Amino acid sequence: MSENLIKESTCAINKATQILNRGGLVSVKAETVYGLACDPSNPEAILKLYNLKNRPSSNPLIIHVNSLEMLKEIAEVNTIASSIINFFWPGPLTLILPRKKNKKVLDFAVAGLNTIAVRMPSSEIFLKLINKFGKPVAAPSANQSGYISSTKASHVIESFGEDIELVIDSGQSEYGLESTIIDLSSEKILIRRLGVIDKKLLEKKIETKIYEQNEPKKNNPNSPGQSFKHYSPNTPIKLNVKNPGEDDAFLGFGSIRLNHKPFLNLSENGDLNEAAFNLFHFLRKLDKLKKKKISIYPIPKKGIGKVINERLNRAKVNE
Ligand code: TXA
Ligand code: MG
């Protein structure tokens, strides 16, 4: 058992706060995926985080807050943003807003942009950490840039070992997929990353039309972080496979029953929420087997299944 891995507790929060205060990195569970947290006002902490993840400095971080008051120190909040926040925060929704420039979030943490991605997580442990720290917390997903996100503390340890000072173990992230990102910084409201909260629900609540960003183009500067290969295992993956090859690792869904090894089923009951919850964990498990290929059974493209398919399509990009 790694020494930097401890179960959630008041002691863990205190320790994590001390580490953030001295510019270190801490991993904490969000309701979406595990985050790798640092102080966005500390240049050394930001540098450490980008280096450790091997993340291009052009890819800005999401800043996490615990209150409207904290939000308003770093972003401009207009009427539409306020009403979205009322409906959906705390929860798995990130907003891109015009940024208020000051030392609380350095340029370096947000790629020098005039906009800033912000969210208030519903994860209790994450909120407790922000409360105790008393300042905004930057947190990308806790994985090597381009690799599968982490939904368990053990995934974070597998990705970074002892290079993170502390990983707080709070069990598995409830949703298993990253937050939805919507861009409110220009006239049209744009979904920049699909997630748990979908367009229909957003449109219903705010009674305004929302647009989906077109397919990410390679190196499109208007959508930082959306242009790179993402969520990818080291093993190549193949989608919509009904009959896997003998040597493939196979990831199934629903009623499919096969006498194949290795085989994992994302949800035997065909429950897409369960499939989302299991997705990254099972991909990591199959990747470890170092087979030639991971074949994946078709997953229905409805509801959260659309997000699962989007993640898998990005994961199979070979660059
Ligand atoms: O669920 C989540 O959002 C998790 C948890 C830990 O909160 N975080 C997460 O962060 O997924 P990350 O860094 O893995 O993904 C953040 C995405 C990146 O694609 C980044 O390019 C985009 O947000 N982003 C950040 N700031 C942006 C901005 N100002 N404009 C456009 N995209 C931005
Ligand atoms: Mg990520």
Side-chain angles (χ1 to χ4, degrees), residues 25-38 40 46 49-50 52-66 74-76 88-101 105 107-123 125-127 129-130 136-151 155-156 159 167-168 170 173-186 190-197 213 216 219-232 276 280 307 310-311 314-315:
L25 306 179
V26 168
S27 180
V28 62
K29 188 188 88 165
E31 66 279 21
T32 50
V33 296
Y34 269 70
L36 184 52
C38 83
I46 304 165
L49 187 144
Y50 274 86
L52 186 63
K53 271 188 63 96
N54 199 13
R55 182 177 176 110
S57 58
S58 59
N59 190 3
L61 303 174
I62 297 181
I63 309 298
H64 298 68
V65 298
N66 64 354
I74 58 173
E76 305 280 353
F88 294 101
W89 279 13
L93 181 66
T94 296
L95 307 182
I96 295 175
L97 299 173
R99 175 175 165 222
K100 282 187 191 160
K101 286 202 180 187
V105 176
D107 266 359
F108 183 23
V110 292
L113 296 175
N114 295 324
T115 57
I116 186 165
V118 281
R119 87 179 192 96
M120 188 189 293
S122 58
S123 156
I125 189 79
F126 205 142
L127 281 174
L129 179 61
I130 310 173
V137 170
S141 51
N143 52 280
Q144 291 289 343
S145 196
Y147 194 66
I148 308 160
S149 301
S150 295
T151 51
H155 298 161
V156 184
S159 290
V167 178
I168 304 178
S170 304
S173 294
E174 286 75 11
Y175 293 113
L177 294 171
E178 301 79 358
S179 61
T180 305
I181 302 183
I182 59 170
D183 191 340
L184 302 175
S185 68
S186 49
L190 254 190
I191 298 201
R192 292 241 183 229
R193 179 173 71 189
L194 300 180
V196 176
I197 294 179
Q213 176 171 275
N219 299 325
N220 176 356
N222 295 323
S223 53
Q226 297 300 301
S227 43
F228 314 111
K229 182 172 90 153
H230 242 290
Y231 321 107
S232 297
F280 291 149
V307 189
E310 183 262 352
R311 297 296 196 266
R314 301 270 304 277

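This is a predicted model, so every value here is computed, not measured. We count ligands from 1, going down the list as the structure has it; atoms in each ligand are counted the same way.
Ligand 1 has no nitrogen or oxygen under 3.5 angstrom from a nitrogen or oxygen of Y34. By the 3.5 Å distance cut-off applied to N or O atoms, R192 is not counted among the residues near ligand 1. Distances between N or O atoms of H230 and those of ligand 1 include no value under 3.5 Å. For N59, a nitrogen or oxygen atom sits less than 3.5 Å from a nitrogen or oxygen atom of ligand 1, counting backbone and side chain alike.
Close approach of ligand 1 to R193 (heavy-atom distance below 4.0 Å) involves ligand atoms 2 (C), 3 (O), 9 (C), 11 (O), 15 (O), 16 (C), 17 (C). Within ligand 1, counting atoms from 1 as listed, the ones closer than 4.0 Å to a heavy atom of I96 are 28 (C), 30 (N), 31 (C), 32 (N). Atoms of ligand 1 lying under 4.0 Å from at least one heavy atom of L113, given by number and element, are 28 (C), 29 (N). The A117 neighbourhood of ligand 1 comprises atoms 25 (C), 26 (N), 27 (C), with distances under 4.0 Å to a heavy atom of that residue. Within the listing of ligand 1, atoms 1 (O), 2 (C), 3 (O) sit less than 4.0 angstrom from a heavy atom of S179. Ligand 1 places these atoms under 4.0 Å from at least one heavy atom of E178: 1 (O), 11 (O). Of all atoms in ligand 1, numbered sequentially from 1 with element shown, those under 4.0 Å from a heavy atom of I181 are 17 (C), 23 (O).
A donor atom on one side chain and an acceptor atom on the other are not found under 3.5 Å apart for S141 and E178.
Take a cut-off of 2.8 Å around the Mg ion (ligand 2): the protein N, O or S atoms inside it are S141 OG.
Residues E174 and K29 meet the side-chain proximity criterion, which asks for heavy atoms closer than 4.5 Å. Residues N143 and Y231 form no side-chain contact, since every pair of their non-hydrogen atoms from C-beta on lies 4.5 Å or further apart. A 4.5 Å side-chain heavy-atom check between V196 and V307 finds every atom pair outside the cut-off. Here the side chains of P92 and I197 are in contact, with some heavy-atom distance below 4.5 Å. Within the 4.5 Å cutoff, side-chain heavy atoms of L95 are placed close to those of W89. A 4.5 Å side-chain heavy-atom check between K100 and V105 finds every atom pair outside the cut-off. Taking 4.5 Å as the limit, every side-chain heavy atom of Y50 sits out of range of all side-chain heavy atoms of S145. The closest side-chain heavy-atom distance from R99 to D107 is below 4.5 Å.
Residue H64 places a heavy atom less than 4.0 Å from ligand 1. Look at E31 and you'll find every heavy atom at least 4.0 Å from all atoms of ligand 1. Ligand 1 lies within reach of A139, whose nearest heavy atom is under 4.0 Å from it. In this structure, R99 falls outside the shell of residues with a heavy atom less than 4.0 angstrom from ligand 1.
At a heavy-atom distance under 4.0 Å, only side-chain atoms of R55, from C-beta outward, approach ligand 1. Contacts of D183 with ligand 1, taken as heavy-atom pairs under 4.0 Å, are absent altogether.
No donor-acceptor pair closer than 3.5 Å links the side chain of R119 to the backbone N or O of I181. Checking side-chain atoms of R193 against main-chain N and O of S179 turns up a donor-acceptor pair under 3.5 Å. Using modelled atom types, no side-chain atom of E76 and backbone atom of P98 make a donor-acceptor pair closer than 3.5 Å. At least one donor-acceptor pair closer than 3.5 Å links the side chain of S27 to the backbone N or O of G35.
Scanning both residues, S232 and A315, for their nearest heavy atoms gives OG-O, 2.8 Å.
Considering only non-hydrogen atoms, atom 24 (N) of ligand 1 lies nearest to P60 out of P56, S58, P60.
A distance below 6.0 Å separates the ring centres of H64 and F126.
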